[in-house]
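Only one structure is covered here, and it is reproduced in the block below.
In listed order, ligands and their atoms are each counted from 1.
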Amino acid sequence: MKFDLNTLVRENIKALQPYSCARSEFSGKASVFLDANENPYGSGMIKRYPDPLQLELKRKLSAIKNISVDQLFIGNGSDEAIDLLIRTFCTPGKDKILVCPPTYGMYEVSAAINDVAVTKVNLMTGTFQLNVPAILKAIDKNTKIIFICNPNNPTGNRLNDADIKTILARLNGIVVIDEAYIDFSGAESYISKIAANNNIVVLQTLSKAWSAAGLRIGMAIADSAVISLLNKIKPPYNVNVYSQQRALNLLSNYSAVKRKVDVLIDERKRLANALQKFPLITKVYPSDSNFLLIKTAEANKVYEYLAQQKIVVRNRSKLELCKNCLRITVGTKQENSLLIKALKKFEKIK
Ligand SMILES: *Cc1c(COP(=O)(O)O)cnc(C)c1O
């Protein structure tokens, strides 16, 4: 469906005159930079402000993603994109987002920070799929964004395309598809659906498959009109020089990234098989991501024991539908083996 995006954007954002920084006002070639109050007696690349629009990085990324540069936003992590999307489309105290717990926690936190209400429609028990009838019922004229995490964190599974399609056809708002884990899933990205649906925003990140969480580089991929809005309201220099440089280096070796992902997928299989053998673990949920959600008889005890052994996993047992569940990131071969060994020890002494 094609939307008149203007009808979804907050009035103050439409009217906003954005900050114009020194580096975006001049686009020619210069050799003497007396425009940005930098101290020239510094060394190397850090003495200058970074490219506010990260064009070199975007050219490389957009070639890999098969999109145009103006369909790509780069943020200080995809968490920045989540916040900016809420601020672009949701009027505080009036508009709402919709999320489907158990899911990634930042959607709700970002909404709360912005005084935007959150409608929650739980995933379905057992399958962890979207509850489409309940979602359609919960949507109203103030529901501006629905966040769909696919594959979902912390359940690890992919969501049904048919369900997402139904929601796309019925929501007069933005549908965010958070694909932080897509590289572990073998699924096709929703990027290919943006041309026909200008209300889709796909989020991806260098933090997971790319093994570069410390760089804080996240992407929003969408219709160029949406990307313009995010660029309009972002902090001018939101991605630092060093991160842009290191990301460029990473991208020039895409095949190395793919190899590392394949290793993790193999390890996911090995770890899942091993975990399934423990009587204390009652369920290992199927995963399309780089982590495994497991159900145990006593999540808190297992969590505490592992922590004593200096192994930290994520205790998710307080989340909806996740009673007694732990989320375990697939680590290196050696780390996974240490986890298995520690669990064996726990079973013996318990
Ligand atoms: C890890 C994660 C992110 C965070 O990405 P950053 O780019 O590191 O901010 C976003 N979404 C989901 C679902 C995640 O699990």
Nearest-contact summary for [atom] - protein heavy atom, Å:
atom: atom 12 (C) of ligand 1; result: Asp178 OD2, 3.4 Å
atom: atom 9 (O) of ligand 1; result: Arg216 NH2, 2.8 Å
atom: atom 14 (C) of ligand 1; result: Lys208 NZ, 3.1 Å
atom: atom 8 (O) of ligand 1; result: Ser207 OG, 2.6 Å
atom: atom 5 (O) of ligand 1; result: Ser78 OG, 2.9 Å

- Message: Less than 4.0 Å is my threshold; does some heavy atom of Met106 fall inside it relative to ligand 1?
- Response: no
- Hey, does Ala213 sit under 4.0 Å from ligand 1 if you only count heavy atoms?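 Heavy atoms of Ala213 never come under 4.0 Å of ligand 1.
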- Message: Using the rule side chain to side chain contact (heavy atoms under 4.5 Å, CB included), only one of Leu61, Ile177, Leu72 pairs with Ile221; which is it?
- Response: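 Only one of Leu61, Ile177, Leu72 forms a side chain to side chain contact (heavy atoms under 4.5 Å, CB included) with Ile221, namely Leu72.
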- Item | side chain to side chain contact (heavy atoms under 4.5 Å, CB included), paired with Thr88, selected from Ile174, Val9, Val201 |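 Among Ile174, Val9, Val201, the one that satisfies the side chain to side chain contact (heavy atoms under 4.5 Å, CB included) with Thr88 is Val9.
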- Item | Cluster overlap Val99 with Val132, hydrophobic side-chain contacts below 4.5 Å |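 Val99 and Val132: separate clusters.
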- Lys/Arg cation over aromatic Phe346: Lys344, 6.0 Å, 45° cone: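 Verdict for Phe346: no cation-pi partner in Lys344.
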[X]: numbered ligand 1 atoms lying under 4.0 Å from its heavy atoms:
X: Cys149; value: 13 (C)
X: Gly77; value: 6 (P), 7 (O), 9 (O)
X: Ala180; value: 11 (N), 12 (C), 14 (C)
X: Thr205; value: 5 (O), 6 (P), 7 (O), 8 (O)

- Task: Give the minimum heavy-atom separation between Asn152 and Thr103, together with the two atoms involved.
- Result: OD1-OG1, 2.8 Å
- Looking only at non-hydrogen atoms, find the nearest pair between Ile217 and Ser243 and report the distance.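 Scanning both residues completely, I find the closest heavy atoms to be CD1-O, 3.7 Å.
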- Message: Lys208: which residues meet the salt bridge (Lys or Arg N to Asp or Glu O under 4.0 Å) condition with it, sequence neighbours left out?
- Response: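 Counting only residues at least two positions away or on another chain, Lys208 forms no salt bridge (Lys or Arg N to Asp or Glu O under 4.0 Å).
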- Of the listed options Tyr181, Tyr107, Tyr104, closest to atom 15 (O) of ligand 1 (non-hydrogen atoms):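 Closest candidate by heavy-atom distance is Tyr181.
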- Query: Partners of Tyr181 by ring pair (Phe, Tyr, Trp, His ring centres under 6.0 Å), sequence neighbours excluded?
  - Reply: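 With neighbours one apart ignored, the set is Phe291.
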